[in-house]
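The shown structure was predicted, so the numbers you read here are calculated from the model rather than taken from an experiment. Any value given below was found using the heavy atoms of this structure, including those in side chains, with hydrogens, waters and symmetry copies removed.
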Amino acid sequence: MTQPAKPFLSHPFDDDKLKEECGVFGVIGVADAANFVALGLHALQHRGQEAGGIVAHHPEKGFNSAHRFGYVRDNFTKASLMETLPGPLAIGHVRYSTAGSKAAVIRDVQPFFGEFSMGGAAIAHNGNLTNADALRMELIERGAIFQSSSDSECIIHLMARSIQKHHADRIADALRRVEGAFSVVAMTRTKLIGVRDPLGVRPLVLGRLGDNGYVLSSETCGLDIIGADFVREIEPGEMVVIQAGKIESSRPFGPSKGRFCIFEHVYFSRPDSIIGGRSVYETRYQIGVELAAEAPVEADLVCPVPDSGTPAAIGYSHASGIPFALGITRNQYMGRTFIEPTEQIRNMGVRLKLNVNKGLIKGKRVILVDDSVVRGTTSRKIKEMILDAGAAEVHFRIASPPTAWPCFYGVDTPDREKLLAARMSEEEMRDWIGVDSLKFISLDGLYRAAGEAQGRDKSCPQYCDACFSGEYPIAPSDKIAQGFEMKAAE
């Protein structure tokens, strides 16, 4: 029986952050694969906290699935549920909606499943299809009946209309029709399939589990939790098909050069994950080092805005020689969302999630290091809390360039007019937030921190940085049709 929809009321602190995309995970070649998938999804919970789902296959019992709202720990740790998902092959998905309905609707929760002439198949998708509206209209006109509002369901319908005889070929057929960003984990009765879009915007890695098992995961931290060994990243534009302990690799989209999302380094990925052979923590630490060189200021303390600002704050502290301190404490028992029962509690805002160490802050010149500024509302509230605690000065240092453009590749960003950096200069933002100084890391500094010693290659950027630069590597067709104006070429 389908669960009733639960309210997901965003907390003010969360509303001023870029929302995680999604996380995908798949396992083949081990007994009770769904249990491993549940653990992997738990490790990827930071990528999507609205809902999750698992599809599993057993040679005798066929396909079985479970889709639930809320955290993995609250649903997929129950023996009564996991016993309904037997078999040596399973995939899963954790969701934060970036396309389709923002309401809690169980039919939008992935993985999606379809029955085809050659048998059933399920897919889980991380990313966003920038031509989904046009595809959806075309498919509906041709008789397709959609069950969800998700752009990912287009892939299932395109597979159904393919004339190819094998699932993997149908997936490749379908993905050649879509535009945008996708890391897809799919399964048939006997195969686990992983695909990345030609630019490799969203992450996907391959792991080895035991003698015969293999794992696909959005991040390496998903491999760590189940004791799987990291093998390699799935390359941009690559498809891998895993069956009976063997891996077949192909390039269904032809040659391609990657444009991985640089914001994965800044915020989305867990700090203990590895991207491109480099620790995410190390990159965030180096961001702080670059910030200290680009934007020095005399102060008494360097304090992170918990939790994603911490590695950059440590790097800033070490490079500048200014002591690091935990001047702000995050309430670890607050969930990703919070049901606010009264207006009085609602007006408490950020204080429900963060609290200032007054004894440490009083009389001090404080540098606050945060990962980004989106609307700027949270930055203003944190500044007020720091001043209320008696700080002498407040300086913001931001571990990413100004976020001035929306992302259309799987990150839920506000409309451009709601982005503070789209409406104000750095000086205007400083005055609006009300701090003594405000400095963002430069694009070149961010690239250097990510391992590109020469900075950003303007002729062919090494990463997708459209949210900072306005240079979209894939034209957002649907948004352009709705009137979105891209940045003019320089």
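- Between Ile91 and Val37, every side-chain heavy-atom pair lies at or beyond the 4.5 Å cut-off.
- In Arg416, the CZ atom is crowded: over 12 heavy atoms of neighbouring residues, nucleotides or ligands sit closer than 6.0 Å.
- Side chains of Ser149 and Asp108: a donor-acceptor N/O pair is present below 3.5 angstrom, by distance only.
- How far CG of Leu158 is from CD1 of Ile171: 12.0 Å, rounded to the nearest 0.5 Å.
- Considering only residues two or more places apart in sequence or on other chains, His157 meets the side chain to side chain contact (heavy atoms under 4.5 Å, CB included) condition with Leu139, Ala144, Phe146, Glu153, Arg161.
- Side chain of Ser308 to main chain of Tyr267: no donor-acceptor pair is present (N/O by atom type, distance under 3.5 Å, no hydrogens or angles).
- The closest side-chain heavy-atom distance from Ile247 to Leu206 is below 4.5 Å.
- Not a single side-chain hydrogen bond (donor to acceptor under 3.5 Å, both in side chains) links Gln164 to another residue, sequence neighbours left out.
- Checked against the 6.0 Å centroid criterion, the rings of His318 and Tyr285 qualify as a close aromatic pair.
- Counting heavy atoms from C-beta outward, Arg73 and Gln45 have side chains that stay 4.5 Å or more apart.
- In terms of heavy-atom proximity, Leu443 sits nearest to Ser469 at CD1-CB, 4.1 Å.
- Of all heavy-atom pairs between Phe76 and Gly53, the closest is CZ-CA, 4.0 Å.
- Rounded to the nearest 0.5 Å, atoms CG (Asp224) and CG (Asp229) are 9.5 Å apart.
- Within the 3.5 Å criterion, the main-chain N or O of Ala43 finds a donor-acceptor partner in the side chain of Arg270.
- Annotation for Asp415: atom CG counts as buried by contact number, over 12 foreign heavy atoms lying within 6.0 Å.
- Side-chain contact between Leu419 and Pro406: present, with at least one pair of heavy atoms (C-beta onward) separated by less than 4.5 Å.
- In terms of modelled atom types and a separation under 3.5 Å, the side chain of His67 and the main chain of Pro111 share a donor-acceptor contact.
- Within a 6.0 Å sphere centred on CD of Glu115, heavy atoms belonging to other residues, nucleotides or ligands number more than 12.
- Note: Leu129 CG to Ile155 CD1 = 5.0 Å, rounded to the nearest 0.5 Å.
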*Can you check ring pair (Phe, Tyr, Trp, His ring centres under 6.0 Å) on Phe112 and His125, steps first, answer last?*
CA-CA 9 Å; Phe112 292 134; His125 167 218; 9.4 Å; no
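- In this structure, CZ on Phe260 lies 4.0 Å from CD1 on Ile275, to the nearest 0.5 angstrom.
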*asked:* One pair to check against side chain to side chain contact (heavy atoms under 4.5 Å, CB included): Leu81 and Arg68. What are the steps and the verdict?
replied: CA-CA 11 Å; Leu81 175 63; Arg68 297 290 188 271; 3.5 Å; yes
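- A distance-only check finds no donor-acceptor pair linking the side chain of Tyr409 to the backbone of Cys261 [under 3.5 Å].
- Residues Phe253 and Leu175 form a side-chain contact, since some pair of their non-hydrogen atoms from C-beta on lies under 4.5 Å apart.
- Closest non-hydrogen pair, Ser80 versus Thr84, comes out as O-CG2, 3.5 Å.
- Counting heavy atoms from C-beta outward, Phe268 and Pro203 have side chains that stay 4.5 Å or more apart.
- Judged by distance alone, the side chain of His58 and the main-chain N or O of Asn64 form no donor-acceptor pair under 3.5 Å.
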*Stepwise, does the side chain to side chain contact (heavy atoms under 4.5 Å, CB included) test hold for Glu238 with Arg251?*
CA-CA 5 Å; Glu238 182 184 14; Arg251 297 278 183 169; 4.3 Å; yes
*Please test Ser217 against Leu44 for side chain to side chain contact (heavy atoms under 4.5 Å, CB included), starting from the C-alpha separation and ending with a verdict.*
CA-CA 9 Å; Ser217 174; Leu44 299 175; 3.9 Å; yes
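- Scanning all heavy atoms of the two residues, the minimum distance from Leu446 to Pro401 falls at CD2-CD, 3.6 Å.
- When atom types are taken as modelled, the side chain of Arg95 and the backbone of Val109 share no donor-acceptor pair closer than 3.5 angstrom.
- One distance of note links CD of Glu248 with CD1 of Ile242; it measures 10.5 Å at 0.5 Å rounding.
- Contact check for Gln49 versus Tyr71: side-chain heavy atoms found under the 4.5 Å cut-off.
- Without hydrogens or angle criteria, Asp371 side chain to Val305 main chain gives no donor-acceptor distance under 3.5 Å.
- With salt bridges taken as basic N to acidic carboxylate O contacts below 4.0 Å, none links Glu471 and Arg259.
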_With side chain to side chain contact (heavy atoms under 4.5 Å, CB included) as the criterion, how do Ser372 and Phe263 come out once you've worked through the C-alpha distance, each side chain's angles and the decisive distance to 0.1 Å?_
CA-CA 10 Å; Ser372 60; Phe263 213 82; 4.0 Å; yes
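- The two residues Ile480 and Ala475 make their nearest non-hydrogen contact at CD1-CB, 4.2 Å.
- With 3.5 Å as the limit, one finds a donor-acceptor pair spanning the side chains of Tyr447 and Asp465.
- Looking only at distances, no side-chain donor or acceptor of Asp151 sits under 3.5 Å from a matching main-chain atom of Asn128.
- Using modelled atom types, one finds a donor on one side chain and an acceptor on the other under 3.5 Å when comparing Arg208 with Tyr214.
- The structure places OG of Ser442 at 5.0 Å from CZ of Arg448, a figure rounded to the nearest 0.5 Å.
- Atom CD of Gln482 sits in a crowded spot, with more than 12 heavy atoms from other residues, nucleotides or ligands closer than 6.0 Å.
- Shortest non-hydrogen contact noted between Ala399 and Ile441 is C-CG2, 3.7 Å.
- In this structure, the side chains of Cys22 and Ser218 stay at 4.5 Å or more apart for every pair of heavy atoms.
- In this structure a side-chain-to-backbone donor-acceptor pair under 3.5 Å is present from Arg284 to Val266.
- With Arg202 contributing its side chain and Ala181 its backbone, the two residues share no donor-acceptor pair below 3.5 Å.
- Ion pairing of Arg142 with Glu138 is present here, as a side-chain N (NZ or NE/NH1/NH2) and a carboxylate O approach within less than 4.0 Å.
- Between Phe408 and Phe484, the ring planes lie perpendicular to each other; the angle is over 60°, past the 30° to 60° tilted range.
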